[in-house]
Number of protein chains: 2
Amino acid sequence: MPRAGLSSASVVALALDVVDDEGWEALTLAAVASRAGVAVPSLYKHVAGLPALRREVAGVCVDELTGRLTAARGTLVGAPAVLAMAQATRDLAREHPGRYQAAQGDWPLDPAADDLRARAARAVEQMSAAVGELDVPADRRIDAVRAVRAAVHGFVTLELAGGFGLPQDVDTSFDYLITHLTTGLTAHPAA
Amino acid sequence: MPRAGLSSASVVALALDVVDDEGWEALTLAAVASRAGVAVPSLYKHVAGLPALRREVAGVCVDELTGRLTAARGTLVGAPAVLAMAQATRDLAREHPGRYQAAQGDWPLDPAADDLRARAARAVEQMSAAVGELDVPADRRIDAVRAVRAAVHGFVTLELAGGFGLPQDVDTSFDYLITHLTTGLTAHPAA
DNA sequence: GGGCAAAGCTAATGTCATTAGCCAGTCGTG
DNA sequence: CACGACTGGCTAATGACATTAGCTTTGCCC
């Protein structure tokens, strides 16, 4: 019986394939083992179990999101940067729904997820920096970042879930949301 | 062995208890059966299986959301109505996270979910009506409704997932998001 | 009181995760 | 080159859960 030659990294890579092909909830040790051509328990030689594997996959996806945000921001500043980053997020979600879910989705309150939270914080910091370039009062900065994050995440989530029933163009709606939100954020109406 | 006296309705009620106490993902036939004091297969006399039960529970939760939206809107018109409905949504999510998830969360592409979709559409229509009272061009109505839905859903989702790490007041951020978004929607900057 | 439908049960099957313990391939060292 | 340890893979066993099949019993209605 020749060895399969697995490693932690290759198991995570196969897991990413599963996530891409079948979705985040379909990520199961059985699915990974099947792709690896290996019995399920063999995987425990390389990962600590399903929750640990999910955490590792989520980490990769978070980093990918961070990278795309950074790239999208590029040399842009302020509102155009925010828009580009929002679009980059949505693009990732549409190209790899499972990865987006992995990055955003399912790590609620994991105790051992400090590392993951730290990496996710880097993605948030990217958005935060761009939002900070908007004409928003300093003491509203956090509110504004939360607003943009919520808008993007909510839109993408609803879109992926098929929550937009009407045939009306969804790209347009997304741009509409982001531009009008940033407009609203930079308007200081009552006081 | 005296009968437990279950019915479809009582099974759904117990399922709601599970969702309230342990969350939407913890809704399992085993959990319901345990609360009913009954063996798991007995439940099949009252519901068609776990997916069907989830659908029924989701239906109840969607209707509850619709009811709260209607109540929150009350006699308000336009932006105040939108804000009140947004807050009502968030209140539901914070009081009963599991129910919110049930209402919004996990019915992606179920084929047999037409009834559920129809009921969810009623909730959307409530928001849509209020958004329609904003000063938004008619051909932007759908975009605006999507924007508000996305903002509310995204914020609530992130909040429930513990995505707002900073201690900064979250209520304030929410109001900030909704008011500035509606402000942005009613501003028609570059034609 | 008898009969019958519905409500429960047990048993069996299948999926998945996890743990324990075994065996063999591989590599480093003498 | 041979030996031995390490390590990667295996099978077997256990335990949660859903689902189906088929049996038993309760309770109501005549």
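None of these values were measured; they are calculated from a predicted model.
- Here the CG atom belonging to B/Leu69 is positioned 4.5 Å from the CE atom belonging to B/Met85, to the nearest 0.5 angstrom.
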Table of protein N/O atoms under 3.5 Å from nucleotides 17-19 of chain C N/O atoms:
unit_1: C/dA17; atom_1: OP1; unit_2: A/Thr28; atom_2: OG1; d: 2.5
unit_1: C/dA17; atom_1: OP1; unit_2: A/Leu29; atom_2: N; d: 2.8
unit_1: C/dA17; atom_1: OP2; unit_2: A/Thr28; atom_2: OG1; d: 3.3
unit_1: C/dA17; atom_1: OP2; unit_2: A/Leu29; atom_2: N; d: 3.3
unit_1: C/dA17; atom_1: OP2; unit_2: A/Ala30; atom_2: N; d: 2.9
unit_1: C/dT18; atom_1: OP2; unit_2: A/Tyr44; atom_2: OH; d: 2.5
unit_1: C/dT18; atom_1: OP2; unit_2: A/Leu50; atom_2: N; d: 2.8
unit_1: C/dT18; atom_1: O5'; unit_2: A/Tyr44; atom_2: OH; d: 2.9

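- In this structure a side-chain-to-backbone donor-acceptor pair under 3.5 Å is missing from A/His96 to A/Asp20.
- Contacts between residues 9-17 of chain B and DNA chain C, defined by a heavy-atom separation under 4.0 Å, are absent.
- A/Arg149 places no side-chain N or O within donor-acceptor distance of the main-chain N or O of B/Leu158, the cut-off being under 3.5 Å.
- Judged by a 6.0 Å distance limit and a 45° cone about the ring axis, A/Arg146 is positioned over the six-membered ring of B/Phe164.
- Put simply, B/Ser42 has no side-chain N or O that comes within less than 4.0 Å of OP1 or OP2 on C/dA7.
- When distances are taken from the side chain of A/Ala39 to each of D/dG9, C/dG8, D/dT11, the shortest belongs to D/dT11.
- Note: CD (A/Glu25) to P (D/dC17) measures 19 Å, nearest angstrom.
- Taking 4.0 Å as the cut-off between side-chain N and carboxylate O, B/Arg90 and B/Asp171 count as a salt-bridged pair.
- Under 3.5 Å, the side chains of B/Asp143 and A/Gln168 contain no donor-acceptor pair of N or O atoms.
- Here the P atom of nucleotide C/dA6 and the CG atom of B/Leu43 are 18 Å apart, to the nearest Å.
- Using a distance-only test at 3.5 Å, with no hydrogens or angles considered, a donor-acceptor pair links the side chain of A/Arg54 to the main chain of A/Leu27.
- A salt bridge links A/Arg94 to A/Glu159: one of the charged nitrogens lies within less than 4.0 Å of a carboxylate oxygen.
- The phosphate of C/dG8 has OP1 or OP2 within less than 4.0 Å of a side-chain N or O from B/His46.
- Looking only at distances, a side-chain donor or acceptor of B/Ser7 sits under 3.5 Å from a matching main-chain atom of B/Ser10.
- Here the side chain of A/Thr182 pairs a donor or acceptor atom with the backbone of A/Ile178 at under 3.5 angstrom.
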Table of protein N/O atoms under 3.5 Å from nucleotides 4-7 of chain D N/O atoms:
unit_1: D/dT7; atom_1: O2; unit_2: A/Arg3; atom_2: NH2; d: 3.1

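- What you find for A/Ala144 and A/Val131 is that their closest heavy atoms are CB-CG1, 3.6 Å.
- When rounded to the nearest whole Å, the span between CD of A/Glu22 and C1' of C/dT15 equals 14 Å.
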